[in-house]
A.B. asks: 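My questions all concern the structure below.
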Amino acid sequence: SSHLTRSGKGSATSQPGPMIEAPAPEAPVQLLRQIGLFDATMIVMGGIVGAGIFINPYVVARQVHTPMLILAVWVAGGVVAILGAFIYAELAARMPDVGGQYAYLREAFHPIAGFLYGWVLLLVIQTGGMAAVTVTFARYLLELTNWQVSERTVAVLTIVILTIINCLGVRAGSRVQSILMLLKIAAIATLVLAGIFLIRSPYPLLHPVLDRAPSVDLVTAIGAAMVPVLFAFGGWQTANFIATEIKDPQRNLSRALVMGVSGVIVLYLGVNFVCVRALGAEGLAASKVPASAVMHLAMGSTGARLIALGIAISTLGFLSQSILTAPRVYFAMARDGLFFEAVARVNRKSHVPVLAIVMQSVLTLVIALSGSYEKILNYVVSMDFIFFGLTGASLFVFRRREAKLTTAPDTAIGSYRVPGHPYTTLAFVVICWLVVINTIYKYPANTLLGMGILALGLPVYWFWARRRKAQNEGT
């Protein structure tokens, strides 16, 4: 596909007549490898931990009603996330390409699969999620500071500042992201320690185990409880978008994925442990802001303010991570000739795709200010998990191709292998598609809207693919 990477730049050379002002073609500016193992691990964790963990525990407790079941569902969610991390770690070792998941789908199935992922990422998954998180940050910040400004002003300023930081270079962006992630870990650790040591009368955890007799009803309740849990655990895949900017990505990105997801599992289980311990299963189901309720019990109003600060930092960190990672997908699409050529330009000074970063931030603000993000969030889950399932399936394609090669696989293509493949990989794919089926069943209208946006990507892909073909034939 070497002609594809050139085709994005090809139009300049296709003009007739002598070009006097360009004595020698300058080498295109490349993305730089500047992110080490620590920052990469923080990026993995930062893509997962948003505001969800401080709020989602109550959604789970509304579906299953004993401490053991609640914790079991979070453990199961952690198992799915670690399976996902294993799969993405092997994919990262095989193809440390810019765009991550976009590149895997493009190479395993067809460029259209990658394009449709980038399309819904830009229009729904990333920007919709970021819009919701931006508004959450604005609300918590204003609650903490009592500033006399509107939510809209805070939302715009927040996105503008983070966008500028990430346009200065990947090192600046990843540094800020790492600092915010460490602050998030500190906030969650404070919550967990306060919940363990400062709660006077904890609820029993071990009995009863089940809230109803083993039945189909129990299974469907556990299934319903799994959806917010999987949503809270999602996000590890974003670190793969910036594979070309990580030092020695075959080793460092694979390690960062497994370490980062393991770290998040520990944090999440800690939070849920103290939520059921401090509030009990019923109290947890009744509290829409469980983290604040636990801190209020443990430390009074000071505790509640502390956790509000923690949530504000957490949402800010998630935004900084999103602005750092996802634009690399639109950059990769443009470089493949499937998007505006300018989006593939890398800034000479900062070595980052500035236009790709700005474009995503502008769209995020449009969605945030129009208030349509709540509708979007309902179909983010189904869109995200369709592509998680496909990406898991792509590993079967790569393994099959590799088996046809005569070279020894371990030395030939990446050193990391998914433990327990094909069973673990298959389990991940099946779970992803069960989530999609469940979402279609529960929210048919929302899911149809999501599918509609996905289908709209088909004519758009056809337009860019034809344009690229015409350019290639012209050069």
Side-chain angles (χ1 to χ4, degrees), residues 46-56 59 118-167 173 176-177 180 184 228 231-232 234-235 238 241 288-289 308-330 343 353-384 443 446 449-450 452-454 456:
I48 303 174
V49 184
I53 184 54
F54 300 100
I55 297 151
N56 278 1
V59 188
W119 170 256
V120 291
L121 191 74
L122 179 60
L123 291 183
V124 179
I125 298 173
Q126 202 66 34
T127 46
M130 284 170 66
V133 171
T134 308
V135 174
T136 307
F137 171 73
R139 280 178 192 159
Y140 274 100
L141 187 74
L142 292 175
E143 198 181 300
L144 276 166
T145 56
N146 298 321
W147 285 341
Q148 298 306 305
V149 289
S150 68
E151 267 181 25
R152 290 171 160 248
T153 313
V154 177
V156 172
L157 280 173
T158 306
I159 294 288
V160 167
I161 292 166
L162 288 173
T163 303
I164 291 169
I165 290 169
N166 280 288
C167 285
V176 168
Q177 203 304 112
L180 288 167
K184 277 193 232 189
F231 190 56
T238 54
F241 296 159
K288 284 196 173 178
V289 279
L309 179 65
I311 295 172
I313 290 167
S314 198
T315 48
L316 191 64
F318 177 82
L319 286 173
S320 91
Q321 198 274 5
S322 301
I323 294 173
L324 171 70
T325 54
R328 274 47 177 186
V329 175
Y330 326 131
V343 175
V354 169
L355 196 68
I357 296 171
V358 171
M359 175 183 71
Q360 175 181 267
S361 294
V362 169
L363 257 172
T364 298
L365 284 175
V366 168
I367 295 169
L369 299 179
S370 68
S372 54
Y373 56 88
E374 288 187 350
K375 294 189 201 79
I376 284 182
L377 276 188
N378 290 331
Y379 43 83
V380 162
V381 178
S382 59
M383 290 290 101
D384 228 358
Y443 310 106
N446 286 328
L449 260 171
I453 293 171
L454 191 63
L456 271 177

A.B. asks: Hey, does Gln177 have a side-chain heavy atom less than 4.5 Å from the side chain of Phe318?
C.D. replies: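 In short, these two side chains do not touch, never coming nearer than 4.5 Å.
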A.B. asks: Are the side chains of Phe137 and Ile311 in contact, using a 4.5 Å heavy-atom criterion?
C.D. replies: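 Ile311 does not reach Phe137 side chain to side chain.
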A.B. asks: Sequence neighbours left out, what passes side-chain contact (heavy atoms from CB on, under 4.5 Å) with Ala155? Give chain and number order.
C.D. replies: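 Partners of Ala155 by the side-chain contact (heavy atoms from CB on, under 4.5 Å) criterion, ordered by chain and then number, come out as Thr134.
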A.B. asks: Not counting sequence neighbours, which residues clear salt bridge (charged side-chain N to carboxylate O under 4.0 Å, His left out) with Glu143? List them please.
C.D. replies: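 Glu143 satisfies salt bridge (charged side-chain N to carboxylate O under 4.0 Å, His left out) with no residue once adjacent residues are dropped.
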A.B. asks: Answer with yes or no whether the side chains of Ser150 and Thr153 bring together a donor and an acceptor at under 3.5 Å.
C.D. replies: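 Short answer, yes.
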A.B. asks: Between Asn166 (side chain) and Ile323 (backbone), is there a donor-acceptor pair under 3.5 Å?
C.D. replies: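 Not confirmed, Asn166 side chain does not pair with Ile323 backbone.
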A.B. asks: Is the shortest side-chain heavy-atom distance between Ser314 and Val49 below 4.5 Å?
C.D. replies: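 Counting from C-beta outward, Ser314 and Val49 do come under 4.5 Å.
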A.B. asks: Given side chains that start at C-beta, do those of Val358 and Cys167 come closer than 4.5 Å, heavy atoms only?
C.D. replies: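 A side-chain contact exists here, since the closest heavy-atom pair is under 4.5 Å.
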A.B. asks: Indicate yes or no: at least one non-hydrogen side-chain atom of Leu456 is less than 4.5 angstrom from one of Leu123.
C.D. replies: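 In short, these two side chains do not touch, never coming nearer than 4.5 Å.
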A.B. asks: Does the side chain of Gln321 come under 3.5 Å of the side chain of Thr238 through a donor N or O and an acceptor N or O?
C.D. replies: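 Indeed, the side chains of Gln321 and Thr238 share at least one donor-acceptor pair under 3.5 Å.
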A.B. asks: Are Met359 and Pro327 close enough that some pair of their side-chain heavy atoms sits under 4.5 Å apart?
C.D. replies: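 A side-chain contact is absent here, since even the closest heavy-atom pair is not under 4.5 Å.
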A.B. asks: Side chains of Leu121 and Tyr330: closer than 4.5 Å at any heavy-atom pair?
C.D. replies: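 Side-chain contact under 4.5 Å: yes.
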